[in-house]
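Structure first, commentary second.
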Amino acid sequence: MTQLSKWVAQVTGILLLLSFMPFTLATAQTVITGVVVDERTEEPLPGVDVRAGATATVTDAFGAFELTVIGPSGSKVLLDIDNPGYTPYERSLALDSGNTIDVGKLRLASGGAIDESIADELIPVISIGADDLQGDGGGSQNISGVLSASRDAFLNAAAFTFGSAARFNIRGYDAKYSAILLNGMPFNDQETGRISWNHWGGLNDMFRNRTNTIGLGASTFAYGGVGGASTIDTRASSHRKQTRISYALSNRSYRQRVMASYSTGMMANGWAVSASASRRWAQEGYIEGTFYDAYSYFLSVDRRLGDNLTLNLTTFGAPVKRGKLIGSVQEAYDLAGSNYYNANWGFQEGEKRNSRVRDEHQPVAMLRADWSISDKLNLTGTLGFQTGYTGNSALDWFDAPDPRPNFYRKLPSFYEGEVVDAVAEQWRTDVNTRQVDWTQMYQINYNSFATIENANGSGQPVSGLRSQYIVEDRRTDVERASGNLVLEYFQSDNLTLQFGASH
């Protein structure tokens with residue numbers, strides 16, 4: 001063989017070798033795809049770092065990623081997902097050369113330490129409850145309240161700015177058409193359909209994690225209503241690691257507030273604990289006669305049993321006792337010289353006493369289980385029990401004049417002639433005329449002597465003192481058990497089937 005023929009043979013061999021290399025490399029490639037979402041909100045997370053071996057990428061605007069990993073079939077590679085404010089996710093995968101491995105939807109849980117740069121995005125800051133309102137409707141005012149507030153600009157303004165002051169209803173729907181769930185358990189009142197926000201008043205830090213659904217949109221734990229649905233997550237593992245003590249001064253319903261919160265996050269031993277307590281009080285709010293004394297407590301404990309099962313026990317309560325206001329006519333406001341005039345109170349032995357006092361305490365206990373049966377099947381169950389009472393005092397009377405100071409027969413407009421000016425002057429100068437006259441009511445009761453014929457069917461009359469004025473307690477005692485069960489099947493990235501039962 002000549003030198004030229006040897007050189008041609010060598011070149012031909014090299015070319016043949018190079019021609020086979022792309023095919024060899026192609027057969028050693030495995031494509032890994034998936035979607036990264038927030039475990040609590042199910043919202044996609046863009047810009048998340050995803051790494052498998054020496055290959056890395058970031059998720060797109062829809063939380064999706066695609067990695068091409070080179071390696072022989074059967075070899076192991078560690079899929080590592082990391083995002084600030086979330087617990088790192090790791091998973092071992094076996095490569096399958098020439099094929100695509102779809103890991104499906106990967107849910108990242110909020111981590112113990114949240115990056116301060118994103119804290120405001122993760123934790124909504126609006127907090128207003130029905131117990132901040134002094135109206136006669138108590139805790140069932142026809143407003144959407146704090147749970148309809150989110151980072152959405154319209155909802156913030158509608159719930160906070162217009163909700164309480166202007167009685168604005170989002171989309172015009174009454175609050176009873178909005179579903180409220182705590183840890184997956186329905187929490188709307190079974191009789192009225194509404195929600196009493198002050199059941200968790202003063203527990204702002206523990207009730208921040210929520211997901212809002214507008215209108216009849218899909219909700220994980222319920223069908224919702226035309227007014228939307230709000231799901232609140234109070235599990236200890238969903239709270240960021242924190243120790244927080246705060247003190248606040250206010251010029252609204254209460255004057256002072258002390259609040260302490262503590263959360264461990266999910267610890268290495270599989271436990272997570274969150275606790276909070278607060279007190280809000282005022283000898284008098286910005287409206288006369290409206291004292292305020294409220295406490296609140298919260299405890300949530302998570303226990304992780306293996307990699308697929310987590311149990312949670314949550315209990316909380318918010319005992320509150322406060323004096324209420326009542327509306328009046330413009331004539332009374334003008335005579336009193338204030339639009340904050342409140343006819344519910346009067347002086348008794350030199351101290352202000354409110355005739356309408358709300359006294360409420362309805363503690364709640366809930367047990368929740370989260371079981372990840374497989375990568376595509378999740379089961380969530382919640383059992384809850386609520387007990388307690390709600391009391392609203394009010395004046396009542398029999399065979400006696402109406403004791404309310406703003407009763408129409410006691411206003412100047414009821415009279416004619418010179419008496420009008422005299423009555424108006426009394427309203428302006430005498431506090432017992434424009435407020436409840438406790439001394440007069442007690443005196444009438446002391447002097448009230450009555451005879452009851454045929455008392456208790458005895459045929460004999462009974463004579464003695466009989467009260468004509470009383471302070472009644474309109475009381476409701478509550479015992480309620482609820483449960484919710486949801487089974488989720490993740491068929492694909494675009495299809496999720498949910499089956500549920502609620503009682």
Side-chain angles (χ1 to χ4, degrees), residues 131-139 141 251-255 281-294 320-360 390-415 419-450 465-476:
D131 58 339
D132 291 326
L133 304 174
Q134 298 287 348
D136 197 38
Q141 287 93 337
N251 62 353
R252 298 192 63 180
S253 303
Y254 54 84
R255 298 293 186 180
W281 72 96
Q283 186 174 355
E284 186 174 68
Y286 69 97
I287 294 177
E288 283 192 292
T290 57
F291 73 92
Y292 199 101
D293 192 15
V320 57
K321 191 173 184 180
R322 60 181 177 86
K324 299 195 296 185
L325 67 88
I326 193 171
S328 192
V329 295
Q330 188 61 48
E331 181 183 7
Y333 294 129
D334 294 339
L335 291 168
S338 173
N339 287 331
Y340 296 129
Y341 166 68
N342 180 19
N344 281 342
W345 68 273
F347 282 105
Q348 182 179 355
E349 297 182 350
E351 294 186 2
K352 293 179 179 180
R353 178 183 176 184
N354 198 310
S355 63
R356 289 178 174 262
V357 175
R358 183 178 181 88
D359 185 7
E360 181 177 25
T390 298
N392 289 281
S393 66
L395 290 175
D396 199 1
W397 57 94
F398 172 76
D399 195 23
D402 193 317
R404 295 172 296 179
N406 59 347
F407 183 54
Y408 77 99
R409 289 177 175 266
K410 296 183 179 181
L411 294 172
S413 59
F414 179 74
Y415 300 93
V419 182
V420 175
D421 293 336
V423 174
E425 184 63 21
Q426 271 192 313
W427 259 82
R428 297 187 186 97
T429 60
D430 184 12
V431 67
N432 289 325
T433 298
R434 64 177 179 269
Q435 304 297 155
V436 176
D437 194 340
W438 290 101
T439 302
Q440 183 186 38
M441 286 192 294
Y442 272 95
Q443 194 61 46
I444 291 175
N445 283 347
Y446 288 145
N447 298 328
S448 177
F449 188 87
L465 296 177
R466 182 181 185 182
S467 295
Q468 292 180 268
Y469 293 101
I470 65 170
V471 177
E472 65 180 11
D473 187 20
R474 300 167 181 174
R475 184 181 173 103
T476 302

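None of the values given here were measured: they were computed from a predicted structure.
No side-chain donor from either of Asp473 and Ser393 sits under 3.5 Å from a side-chain acceptor of the other.
In this structure a side-chain-to-backbone donor-acceptor pair under 3.5 Å is present from Lys410 to Asp402. The main-chain N or O of Arg428 is found under 3.5 Å from a side-chain atom of Arg434 such that the two form a donor-acceptor pair. Panel note: side chain Trp427, backbone Asp334; no donor-acceptor pair is recorded below 3.5 Å. Using modelled atom types, one side-chain atom of Tyr415 and one backbone atom of Arg409 make a donor-acceptor pair closer than 3.5 Å. Within the 3.5 Å criterion, the main-chain N or O of Ser413 finds a donor-acceptor partner in the side chain of Glu331. Between the side chain of Asn445 and the backbone N or O of Tyr469 there is at least one donor-acceptor pair closer than 3.5 Å. In this structure, Glu284 contributes its side chain and Thr290 its backbone to no donor-acceptor pair below 3.5 Å. At distances below 3.5 Å, at least one donor-acceptor pair connects side-chain atoms of Asp437 with backbone N or O atoms of Gln440. The backbone N or O of Ile444 sits nowhere less than 3.5 Å from a side-chain atom of Ser448 that would complete a donor-acceptor pair.
Note: Asn344 CG to Ile326 CD1 = 5.0 Å, rounded to the nearest 0.5 Å. With rounding to the nearest 0.5 Å, the separation of OG in Ser467 from OH in Tyr442 is 9.5 Å. For the atom pair CG (Asn354) and CD (Gln348), the distance works out to 12.0 Å, reported to the nearest 0.5 Å. Note that CD of Gln468 is 14.0 Å distant from OH of Tyr446, once rounded to the nearest 0.5 Å.
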Evaluation steps, side-chain contact (heavy atoms from CB on, under 4.5 Å), between Leu411 and Val329: CA-CA 10 Å; Leu411 294 172; Val329 295; 3.8 Å; yes
Using side-chain hydrogen bond (donor to acceptor under 3.5 Å, both in side chains), reason through Asn392 and Lys324 one step at a time and then give a plain yes or no. CA-CA 9 Å; Asn392 289 281; Lys324 299 195 296 185; 2.9 Å; yes
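Here the closest non-hydrogen pair linking Ser328 and Ala332 is OG-CB, 3.2 Å. The two residues Gln435 and Gly346 come nearest to each other via the heavy atoms CB-CA, 4.1 Å. Taking both residues in full, the closest heavy atoms of Tyr286 and Asn251 are given as CB-O, 3.4 Å, listed atom of the first, atom of the second, then distance. Summarising the geometry of Leu325 relative to Asn342, their closest heavy-atom pair is CA-OD1, 3.3 Å, with the distance given to 0.1 Å. Taking all atoms of both residues into account, the shortest heavy-atom contact from Ser355 to Leu395 is CB-CG, 3.7 Å. Taking every heavy atom of both residues into account, Gly289 and Lys352 meet most closely at N-CD, 4.5 Å.
Looking only at side-chain heavy atoms (C-beta outward), Arg322 and Asp293 stay at 4.5 Å or farther from each other. Under the 4.5 Å side-chain criterion, counting only non-hydrogen atoms from C-beta, Arg474 is not in contact with Arg358. Residues Thr433 and Pro405 form no side-chain contact, since every pair of their non-hydrogen atoms from C-beta on lies 4.5 Å or further apart.
Ring-plane geometry between Phe347 and Trp345 is classed as perpendicular, the angle between the planes exceeding 60 degrees on a 0 to 90 degree scale with a lower cut at 30. Between Tyr292 and Tyr254, the angle of the ring planes lies from 30° to 60°, which puts this pair in the tilted group.
A cation-pi arrangement, defined by a distance under 6.0 Å to the six-membered ring centre and an angle within 45 degrees of its axis, is present between Arg353 and Trp438.
Checked against side-chain hydrogen bond (donor to acceptor under 3.5 Å, both in side chains), Arg475 has the following partners two or more places apart in sequence or in another chain: Asp477. Gln443 pairs by the side-chain hydrogen bond (donor to acceptor under 3.5 Å, both in side chains) definition with nothing, not counting sequence neighbours.
Surrounding CZ of Phe407 are more than 12 heavy atoms belonging to other residues, nucleotides or ligands, all under 6.0 Å away. In this structure, Glu349 places its CD atom where only 12 or fewer heavy-atom neighbours from other residues, nucleotides or ligands lie under 6.0 Å away. Residue-environment remark: CD (Gln283) stays at or below the threshold of 12 foreign heavy atoms within 6.0 Å.
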